[in-house]
2 protein chains.
Amino acid sequence: MAAAPRRRAIPDAAVARLPVYHRCLLDLQAEGRTTVSSEQLAEMAGVNAAKVRKDLSHFGSYGTRGVGYEVDQLIIDLRRELGLEHDWPCVIVGAGNLGSALASFNGFRERGFTVVGILDVDPAKVGRRIGGLVVRHQDDLDELVAAEGVAIGIVAVPPAAAQEAADRLVAAGVTSILNFAPTVLDVPAGVHVRDVDLAVELQILAFHEERRPDGRNRRVVERVRS
Amino acid sequence: MAAAPRRRAIPDAAVARLPVYHRCLLDLQAEGRTTVSSEQLAEMAGVNAAKVRKDLSHFGSYGTRGVGYEVDQLIIDLRRELGLEHDWPCVIVGAGNLGSALASFNGFRERGFTVVGILDVDPAKVGRRIGGLVVRHQDDLDELVAAEGVAIGIVAVPPAAAQEAADRLVAAGVTSILNFAPTVLDVPAGVHVRDVDLAVELQILAFHEERRPDGRNRRVVERVRS
DNA sequence: AGCTGTGAATGACTTCACAGCA
DNA sequence: TGCTGTGAAGTCATTCACAGCT
């Protein structure tokens, strides 16, 4: 967490929801819908209507009172806000199970992120083909980042190697890191890190599972507001 | 200030950090450390000391003033709070790239989550071996969940199939779902869902990348000390 | 009439700061 | 003395509620 002085125009919590709205709008567009109300969008995104309006108002107002938001226009605006007008080249460090899966994951390319390289230190892995890419040695990182203008790196190595991988990415010029290793990375201020610890997600579920009101019984459903 | 005895004893935000503390404590234990101060633990976890103390105080106080927390004891307490005293059997629905990677991912088992089955609807995938498991047909879900006492399901199917997969999991008796599909799942109240949308994570990074103070010219990595 | 945009109210989470114990 | 535990203050996020546009 770099504590840099910044004017945070849009709250972090709102930023995290914009991609979800974007996703929902694409679905609406695919269905041929031309407008959508905050209430409908909220329903789709699993949040409430006031939040949708407030979130969207953070980058100017685009809705029409009495009607709602124009789907096409809102997609354009969100794309611009999210920096999705151009593709983002990414590199993956670590060609194990997870790195390999990420490299062949279609969900990235579909949404504007192209994996331009996957690297590993293990000579046994270098040279393998994964999802249209050949695994390169981690020493090629500098060259690759420079050649492709990579700004985003994905760390998919074992915990013990994660800091080293991050250091290399930063040295190569990468300024945003998506970290799958269960480690707190130490990076220079100005470098963004997002952690995705898959086991932590399960642990949070287990926490709630362990203390559900009905103990170990099956569900006694009570109404919860959505 | 516990005037209203709510069901929510521990704030969500704190719960999300407990697994991280747990992870750090295991590292400390491995190094042979017997005690740790809130400040040291905070440093490792990437948060601040007051937060650590407050978080830990939510389930009773275990620290010794003037000394800190006893590592072994705190691990035990966290394990209990997080429901990690027993293993959690999980099933994965979807044997594509992501599902396969998750099935062979060591990080789960190491932290108390055992993948007891991976299922798919595609006959071409059924029967394949993945990380010590044989892919089963999705129709076997009920049987598997009942036989193994599965409470946690992992959805790793394409978006169009996600709701169906979730419905099946819920029908089979699963009460917590980790959803990797970029879709808002509709589940009965009482069923917990956590979403992990990998592309959204990248989009959030892209958002910040797009509006970094130094504009689009990257590689002007200013060296700021951390 | 319907729906957005937004100040104001509420609520949640974080940080401060210090009393109190080992 | 050193460090925890915790009220109180502060910050940030969510929700309400309604004025105001179409």
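Sequence lines set the chain letters: A, B, ... in the order given, protein chains first and strands last, and positions in each chain run from 1.
Both A:K51 and B:S38 lie near DNA chain D, and the one whose nearest nucleotide falls closer to the 5' end is B:S38. Of the two residues near DNA chain D, A:R65 and B:E39, the one whose nearest nucleotide lies more 5' is B:E39.
Look at CZ on A:F59: it is 16 Å from C1' on C:dT6, rounded to the nearest Å. Between the C1' atom of C:dG5 and the CG atom of A:D55 lies a distance of 13 Å, rounded to the nearest Å. Across the protein-nucleic acid pair, A:Y21 atom OH and C:dT4 atom P stand 13 Å apart, rounded to whole Å. One can place CD of B:Q73 at 16 Å from P of D:dT4, the figure rounded to the nearest angstrom. Per the geometry, CG belonging to A:D77 stands 12 Å off P belonging to C:dG5, to the nearest Å. One interatomic measurement links the two molecules: NE2 of B:H58 to P of C:dA12, which rounds to 13 Å at whole-angstrom precision. In this structure, A:L56 atom CG and C:dC3 atom C1' are separated by 13 Å, rounded to whole Å. A:I10 places its CD1 atom 14 Å from the P atom of D:dT14, with the value rounded to the nearest Å.
Considering all non-hydrogen atoms of both residues, B:L185 and B:I177 come closest at CD1-CG2, 4.2 Å.
The phosphate of C:dG5 has OP1 or OP2 within less than 4.0 Å of a side-chain N or O from A:S61. One finds a side-chain N or O of A:Y69 lying less than 4.0 angstrom from the OP1 or OP2 phosphate oxygen of C:dG5.
In this structure, A:H86 and A:W88 have tilted ring planes: the angle between them lies in the 30° to 60° band.
At most 12 heavy atoms of other shown residues, nucleotides or ligands fall within 6.0 angstrom of atom CD in A:E43. Counted within 6.0 Å of CZ on A:R80, heavy atoms from surrounding residues, nucleotides or ligands total more than 12; the atom is thus considered enclosed.
When distances are taken from the side chain of B:K54 to each of D:dA8, D:dT4, C:dT6, the shortest belongs to D:dA8. In the set C:dT15, C:dG5, D:dT6, the nucleotide with an atom closest to the side chain of B:N48 is C:dT15. The nucleotide whose nearest atom lies closest to any side-chain atom of A:A13 is, among D:dT14, C:dT14, C:dC18, D:dT14. Counting only heavy atoms from C-beta on, A:R53 has its side chain closest to C:dG5 among C:dC18, D:dA13, C:dG5. Considering only side-chain atoms of A:S37, the nucleotide from D:dA13, C:dC3, C:dG5 that sits closest is C:dC3.
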- Under the side chain to side chain contact (heavy atoms under 4.5 Å, CB included) criterion, do B:L18 and B:H22 qualify, and how do the steps go? CA-CA 6 Å; B:L18 298 185; B:H22 181 250; over 6 Å; no
